[in-house]
Amino acid sequence: MSQASAISPTREKDFPEWYQQVVRAADMAENSEVRGCMVIKPWGYGLWENIQKQLDVKFKETGHVNAYFPLLIPLSYLEKEAQHAEGFATECAVVTHHRLEAQKQPDGTTKMIPSGKLEEPYVIRPTSETIIGAAFARWVQSYRDLPLLINQWANVMRWEMRPRLFLRTAEFLWQEGHTAHETEEEAVEETKLMHRVYTDFLCNHLAIPVIPGVKTENERFPGAVDTYTVEAMVQDKKAIQAGTSHYLGQNFAKAANIQFLGRDNTRQFAHTTSWGMSTRLIGTLIMAHGDDDGVIMPPRVAPSQIVILPITPKPDTRQEVVDACEALAKTLRAQSFGGEPLRVHVDKRDLQGGAKNWEWIKKGVPLRIEMGPRDITSRSVAVCRRDLGPKAKEFVPKEDFLQNVTELLQEIQDSLLKRATEMRDANMKKLETLEEFQAFFAEEGPGGFALMHWAGSNEEEDKIAKDMKVTIRCVPLSDEFAEEGKCFLTGKPSQKRVVFAKSY
RNA sequence: CGGGGCGUAGCUCAGCCUGGUAGAGCGCUUGCUUUGGGAGCAAGAAGUCGUCAGUUCGAAUCUGGCCGCCCCGACCA
């Protein structure tokens, strides 16, 4: 029996529920028995591995090296930077004991009782500025030790009130870059450089267009001087922060005592930065590209870019078909896309063709290739693109397919970016008045990104956030947002429009 | 931490009001028929009904405590 779409409910009907169903249907992750923590399954983790691999290349290209720091941070470290401490205080898991004692119960079972109380509790890192800062303080003696350009791939824990698979989990995977520099100019340049790396990665690897910009003081990372952000729009028109790069000034250097002897023979505090992207990218990708049949993986990062489905209607031709599929896969794997060998999977499982096909649709494989006895005779393959409808199938000569496959993948990559960009642009509006603004974000309003002239205070910004659940996502860097105007709330003059939106 | 809801098979849930000893769909196993677009039929495996106590001849069902989870708010990548 055919269904209208593979995922129910549709995006239109109930977006949050659609999201959860897609994650499940694509078999990317599941909720675990640990509150707020997820099990990332192979299809989800495969995507993360590609994100990781490709980001890591960019980090290395820009001069960074990887290192690893402890999961546990002495509680006192978090007390060193007041703003930072306050920012994370409400979401820290704390380790207080280091051993268990077995206690026999009357019913024969054993209870394990924590004992060996720690003198000083440890906090499971919510982020590593403080402990990496302490290491930097030891490592930096002279201006010759700078810049120090370190990245860490790690898990962190933030005890969030309301977890959601990939978007907000108590434990998540990420990378955190931490750098120390001799001068403010250098550190600011580093912050901007990584911001550009993130912009480029989202656009060219995940096919997600973003608005690069700066956070307002209210939205800044706790303890930062400036927070640069990349804001994406997903299909329910909400904004999602996909990556941030912070210029930390000398705040953390002073807290951790990162000092060096400068060229002028005076002791100076270093200027530090930090920047991160997390498994939230996976949720962003799903919400940006998915349709009512499930995930759509951009080819650059898809765990498998091509899945070959052997069509074996008769047992006596089965082996021949499977062999031909394996041979095709081998030929494809010799080609490369985005600088990596093609990732090709032959699905030989003994399942019904239709069911198998839909499984890969839901997982979002960019290209599905069917090959059966008839195709072997006619030297052709059936090609299905995930970015087109589930029924779109084209029979093409095998040689042509082999010749054009990387272009085809690029075409899919481009079409996803184009589609996402059109969606965003169609839902991004320049508004002038408070009335327009309120109507835009009203319950029945269109919603999206409102480009507004703004010259209000932090308190006025807060009030809008409280009253309407709308925040300034960023002050865009690009000149296309610069123009003379008047703040829609206060009427004060403004040089630039900022992006207001509801957000994840 | 406030407001609401829920714990029954691997998953989603019905049964509870009106107590009588365990159900459905999906998934799983086997067989047959199907197979170029989410198959059909048949047979089968699978649950100390979250937990502890109370009421009762008898509790998934009624009462109370405890534990856990989900949703809505405040917090957040």
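First the proteins, then the strands, lettered A, B, ... as listed; each starts at 1.
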Handout entry: Under 4.0 Å protein heavy-atom contact, by nucleotide of nucleotides 66-77 of chain B - B base, S sugar-phosphate only
Key = ---S--SSBBBB
Fill in the blank from the handout: Regarding the side chain of N357(A), the nearest nucleotide among G36(B), G37(B), G38(B) is G37(B)
Handout entry: Check: F166(A) and Y19(A) side chains under 4.5 Å, non-hydrogen atoms
Key = yes
Under 3.5 Å, N/O pairs linking protein and nucleotides 4-13 of chain B:
residue, atom, partner, partner atom, Å
C11(B), O2', R24(A), NH1, 3.4

Practice task
Provide, to the nearest angstrom, the distance between the CG atom belonging to D27(A) and the C1' atom belonging to G27(B).
Solution key: 13 Å
Exercise for the section: Can you run down the salt bridge (charged side-chain N to carboxylate O under 4.0 Å, His left out) pairs that involve residues 191-216 of chain A, sequence neighbours left out, and say none if there aren't any? Expected result: K58(A)-D200(A), E189(A)-R196(A), K215(A)-E231(A)
Exercise for the section: Please collect all salt bridge (charged side-chain N to carboxylate O under 4.0 Å, His left out) contacts where either partner lies in residues 317-329 of chain A, sequence neighbours excluded, each pair once. Expected result: E326(A)-K348(A)
Exercise for the section: Check the distance between U34(B)'s C1' and I311(A)'s CD1 and give it to me in whole angstrom. Expected result: 15 Å
Handout entry: Identity of whatever pairs with A59(B) - Watson-Crick or G-U, under 3.5 angstrom
Key = none
Exercise for the section: Once you apply the 3.5 Å cut-off to both distances, tell me the Watson-Crick or G-U wobble partner of C26(B), or none. Expected result: G10(B)
Exercise for the section: Find out whether L165(A) and M28(A) are in side-chain contact, i.e. whether some heavy atom of one side chain is under 4.5 Å from a heavy atom of the other. Expected result: no
In a table with atom names and distances, give each donor-acceptor pair under 3.5 Å that connects a side chain of residues 217-225 of chain A to protein atoms at least two apart or in another chain.
residue, atom, partner, partner atom, Å
E217(A), OE1, N458(A), ND2, 3.3
N218(A), ND2, N458(A), O, 3.0
R220(A), NE, V225(A), O, 3.1
R220(A), NH1, V225(A), O, 3.4

Handout entry: Whole angstrom value for the distance that separates C1' of G38(B) from CZ of R368(A)
Key = 12 Å
Practice task
Among residues two or more places apart or on two chains, list those pairs meeting side-chain hydrogen bond (donor to acceptor under 3.5 Å, both in side chains) that have a residue in residues 298-314 of chain A.
Solution key: H205(A)-R300(A)
Practice task
Taking the side chain as every heavy atom from C-beta outward, state whether Q175(A) and H64(A) have any pair of such atoms under 4.5 Å apart.
Solution key: no
Practice task
Would you check if L55(A) and W153(A) make a side-chain contact, meaning some heavy-atom pair closer than 4.5 Å?
Solution key: yes
Practice task
Would you mind reading off the distance between W360(A) atom CH2 and G37(B) atom C1', rounded to a whole angstrom?
Solution key: 17 Å
Completion exercise
C1(B) -> Watson-Crick or G-U wobble partner, both distances under 3.5 Å, gives G73(B)
Practice task
May I ask you to say what G276(A) touches in the nucleic acid, namely base, sugar-phosphate or nothing, with a heavy-atom cut-off under 4.0 Å?
Solution key: nothing
Exercise for the section: Verify the contact: side-chain N or O of Q352(A) to OP1 or OP2 of A39(B), cut-off strictly under 4.0 Å; return yes or no. Expected result: yes
Exercise for the section: Would you classify K393(A) as touching base, sugar-phosphate or nothing, given that sugar-phosphate means primed atoms plus P, OP1 and OP2, and contacts are heavy atoms under 4.0 Å? Expected result: base
Practice task
Give none if G36(B) has no partner; otherwise give the nucleotide forming a Watson-Crick or G-U wobble pair with it, both distances under 3.5 Å.
Solution key: none
